Structures are given as structure tokens and as C-alpha cells.
Amino acid sequence: QLGSQIADPIAAAGDSADFNFQSTSGGFYSNEAFAELSIPILANMPGVEELEASVAARYVNYNTFGDKFTYKLGARYTPIRDLTVRGTYSTAFRAPSISELYLGNKETDPAATDPCAVLSGVPAAVAARCLSGGVKGSGSGDTGLQELTRTGGNPGLKPETANAFTAGLVFQPQAVRNLTITLDYFNVTVDDAIGVTGTANILNGCYVGGVDQYCTLIVRNQSGGIQYVNDFYANVGQITTSGIDFAIRYALPTDYGRFAIGFDGSWLAKYDITLKLKTGDAVIQGKDSYDAGSYGALPQFKATTSLDWSFAGFVAGLTGRYAGSFDECSNPYDPTTAQGGICQIINVDPVKGTSVTANPLRRRVQSYYQLDVHAGYTLASSLGRTSLFAGIMNLLDRAPPYIYSAALANSDPSTYDYIGRYVYGRVQHQF
């Protein structure tokens, strides 16, 4: 893989009135080998309708990182026709991308507030750290809601590695045709996770939590205001997540067409980010919050439901999407704003080591749902099949909930629809 982006001379020299950036150029190559084996063990026996195992292995070699061997072990057991038990254990490997390795230094302006803007009313320890970091008098006076941040690639990154375990049930009752219910548990641990720390985390971790490692990333001007924050890609630590996925599928044939109902839900039990600091590990619990740096919204519950109908050449359907509510937090000592706040604060105790405490200034982001509809008709003729489709996305024109601390357009584009209601159509012909 090779990639490059050439900056114009003005931006590369740092003289642009817009964000400045430097050229990106780099690449790597790899060699891989993969093998998979499915092993039938028993079948059609009392108490064993079917039993099979699967094994997979992959070997990769990168010119930048060396080699890695990963594997997967899986099993499926059907004691009776109505029920199947399944499970897998696997290891994984992800090499850093070209951007993560070689992205030229660039400037961004994420949502964040300076904990040292006004020193009156803040704890003495916070004020002392602000003053020792270059803040003058009664505070920096920096009451802005965004802070200039410099970021870029890191050629010294190590690859991410992961261990994943899943176990689940598939229920297909013979007494109810066309009904399938699945329930799966997942537990994934990612080591040497690649990402940025987050400007808000750096600022609050330094001045509120006393993490000297973060303080070295903050550059202030002579008057004490924040000139910029350094937040480059790094192996930030470990991510551990677990939860339950469940789904229902049911189809009902009638004289008036075939109706199909679907439901997919996901319950997040844990999303912990363990930051590897020089003073020890600090665990940030990201579940049910917008508190995980660049990881976005992490509501505890998400779901998608669908109802579809088909009859002769006609099809129609309705899809509903739901994302639960979650917390976001303000600057720990400024209840008037939620920008740049974190729901948990990293603290360094000289005796107890690194710890995390809750931020009491929380705001609940409301839950969100949207409805999509579609319909179509397929006409068969001697010339082939012609299909006409039309639909409306976000039928109720629901706006995404406001997230003060979001880095993009005050909400999360990975979770919500930004466009609003819109209509689409499609014509397709198959000869």
C-alpha cells in the first residue's frame, strides 16, 4: 500500500489563514497466508443432531512490523432441531494505516475548554498546576469552546492485537415456522489500541488530574493562553468491551402477501479504555457516555426494527432505528458549559497512584429514533426485469440530539442521521 497527500506551499509553511498541514507520504507491503478447516464430528444421533468444529489460521508479515500469527477456534452443537449452541475464540491483528503512520502534521480545532480560564473558585491544587504551567494572574482568560490542536502520524506505532470470545444460541422452533431467535454474548480486548488521547482529556487530565505526562503536551503563549495542544497518534492502551446482541426474524405468508418482521438489538455491558500512563494505568469507563476521546457516542442500547411486505411484484417496508440516551459532561469546574468536558477525571495520587473519579457535572443526551420507508415494483417481460424503487429516509425529519462536546457539528455522524428527511428513487433493469 502506498499513499500520499501533497500540501500546498502556504499550508506547509504554516502561513495559511485556514488550518495548516504538511504533506503525507508513505507505504508498506505485506505477505499473508490463510487456511480454514471445517470438521464434522457427529450427526443424526440421540442428543446430537449435529456437532462440528472449525479452525482457521492466518500468517502475516509486514516490512514495517515483522510477522504475526492469528487463529480462530469455533464450534457448533445442535442437540435438537430447535436449538443450536455456537461459540468462537479468536485472535486478531491490525497494522497501523498509512494515515496513522505517516499523516503529515496538521491542525484541528476540537471542542475543549481551558480549565485554567478563571482560577477563582477552582481547587487550590488545580490553580497551582495552572500557574506552574504558564498561566498568569487570575487565569488565562481563554473562554473559547475549541482549542487549536496539532495532530499527525507516528511511524513508531505498534500494531493492535486483540482477543475475542463469542458464545450464543440460535432458536428455531419447529412448532412456529419461519421464526428464528438468536442471542449472542461478545467479549473483545484490544491491546496497544491506536488512537488519539483527545484534547479535552489532555487538558483535564493535566490540570484537574495532575498527570504530568499530559501537561507536556500543552503549549501556552507568553500571556498564558493555550497556543496549541499536541495530540498525535499513539498506542494509547487497552480497550475492553462486552455485551449482548440479539435478533428476531419472523415471516408470515398470507393470501395478501408475505409479511416479514425483524428486530436487531445490542446491549453494551462494558466499554473500558485503559490508558497506559507513566504513573500507572487509568481506566475510563466509556459505556453510556460521550467520554471516550475519538470513540464517539456509546449508548447502552441500540436497536433496529423492520416490517416488510411482498406480494407478486410489489414490495414495501418500514425500518425504525433507535439509539439510547447517554451522558456528556462539562468542564469539571464550569457548570455553564458542556464543551470539552469528560465524565471521568484522571487523578494522580502520590501514594495510591493513578485513579479515575466521576465528574458530577453531567448532562443527559436524549435518545433518538428515525423511521425510513420504501416501496417498489418489479415488472417482468420478454426484455428482462425492470424494477422501480422509491423511499423516504428519516420520514419524521428527526434532527440529531445536540452534543455540546462533539467534535463535528455538535453531534455524532457515526450514530445519527445529519441530512434530515429526503426522498430517493431508483430504476434498475436486468436483461
Side-chain angles (χ1 to χ4, degrees), residues 36 38-54 72-90 164-188 241-269 299-324 367-378 380 385 387 389-396:
E36 186 173 10
S38 180
I39 309 170
I41 300 175
L42 295 174
N44 302 319
M45 296 179 61
V48 183
E49 286 288 328
E50 184 178 1
L51 176 63
E52 68 175 32
S54 60
K72 183 190 78 170
L73 304 174
R76 289 174 55 90
Y77 170 49
T78 304
I80 58 176
R81 292 185 179 181
D82 297 37
L83 181 66
T84 297
V85 181
R86 60 189 180 185
T88 62
Y89 176 80
S90 62
F165 170 73
T166 65
L169 303 173
V170 180
F171 183 53
Q172 295 176 299
Q174 300 297 304
V176 184
R177 295 185 60 186
N178 302 319
L179 173 63
T180 301
I181 301 173
T182 62
L183 180 69
D184 290 282
Y185 167 79
F186 64 87
N187 189 304
V188 181
T241 183
S242 63
I244 295 175
D245 293 331
F246 43 96
I248 300 174
R249 298 285 185 274
Y250 179 60
L252 179 64
T254 71
D255 294 337
Y256 306 100
R258 184 178 187 271
F259 293 87
I261 300 172
F263 176 84
D264 292 273
S266 181
W267 178 74
L268 185 64
Q300 193 166 6
F301 180 71
K302 291 182 178 180
T304 300
T305 58
S306 62
L307 173 62
D308 292 284
W309 168 79
S310 60
F311 182 70
F314 293 95
V315 294
L318 173 68
T319 302
R321 310 176 197 276
Y322 174 84
S367 59
Y368 172 87
Y369 69 89
Q370 107 177 36
L371 296 176
D372 306 328
V373 296
H374 66 273
Y377 178 70
T378 299
R385 294 167 58 88
S387 300
F389 291 96
I392 304 175
M393 302 294 291
N394 200 350
L395 177 66
L396 303 179

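Owing to the predicted nature of the structure, the values given are computational and were not obtained by experimental measurement. The first residue in the sequence is number 1, and the count goes up from there. Values reported hereafter were calculated over all heavy atoms of this structure, with side chains retained and with hydrogens, waters and symmetry mates removed.
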Kindly indicate whether the side chain of Thr88, heavy atoms from C-beta on, has any atom under 4.5 Å from the side chain of Ser54.
-> no

If you take all heavy atoms of Gly257 and Trp309, which pair is closest and at what distance?
-> CA-NE1, 3.7 Å

Between CD1 of Ile248 and OG1 of Thr305, what distance do you get to the nearest 0.5 Å?
-> 11.0 Å

Between Arg249 and Asp264, is there a side-chain N and carboxylate O pair less than 4.0 Å apart?
-> yes

For Thr78 and Thr84, test the side chains for any donor-to-acceptor distance below 3.5 angstrom and give the result as yes or no.
-> yes

Euclidean distance, Thr166 OG1 relative to Tyr185 OH, rounded to 0.5 Å | 10.5 Å

So, for Pro40 and Glu52, which heavy atoms are closest and what is the spacing to 0.1 Å?
-> CA-CB, 4.1 Å

When every non-hydrogen atom of Pro173 is compared with those of Asp82, the smallest separation belongs to CA-OD2, 3.4 Å

Kindly give the heavy-atom pair with the smallest separation between Asn394 and Tyr368, and that separation in Å.
-> ND2-OH, 4.0 Å

Starting from the C-alpha separation in whole Å, work towards a yes-or-no answer on side-chain contact (heavy atoms from CB on, under 4.5 Å) for Phe171 and Leu179.
-> CA-CA 8 Å; Phe171 183 53; Leu179 173 63; 5.6 Å; no

How long is the gap from CG on Leu83 to CZ on Arg81, to the nearest 0.5 Å?
-> 14.0 Å

Might you work through the side-chain contact (heavy atoms from CB on, under 4.5 Å) test for Tyr369 and Leu396, ending with a clear yes or no?
-> CA-CA 10 Å; Tyr369 69 89; Leu396 303 179; 3.9 Å; yes

Would you please classify the geometry between the Phe314 ring and the Tyr377 ring as parallel, tilted or perpendicular, with 30° and 60° separating the classes?
-> tilted

Search all heavy atoms of Pro299 against all heavy atoms of Gly324 and return the closest pair with its distance.
-> CB-O, 3.3 Å

Interatomic distance, Glu49 atom CD to Leu42 atom CG [nearest 0.5 angstrom] | 12.0 Å

When every non-hydrogen atom of Ser310 is compared with those of Val315, the smallest separation belongs to CB-CG1, 4.0 Å

When you measure from the side chain of Trp267 to the backbone N and O of Phe246, does any donor-acceptor pair fall under 3.5 Å?
-> no

Evaluation steps, side-chain contact (heavy atoms from CB on, under 4.5 Å), between Ile80 and Gln174 = CA-CA 10 Å; Ile80 58 176; Gln174 300 297 304; over 6 Å; no

Nearest-0.5 Å distance, NZ of residue Lys302 to CG of residue Asp245 | 11.0 Å

Verdict with reasoning, Tyr250 to Ile181, per side-chain contact (heavy atoms from CB on, under 4.5 Å) = CA-CA 9 Å; Tyr250 179 60; Ile181 301 173; over 6 Å; no

Looking at CG of Leu268 and OG1 of Thr241, how far apart are the two atoms once the value is rounded to the nearest 0.5 Å?
-> 4.5 Å

Using side-chain contact (heavy atoms from CB on, under 4.5 Å) as the criterion, point out the one residue from Ile392, Asp308, Leu318 that pairs with His374.
-> Asp308

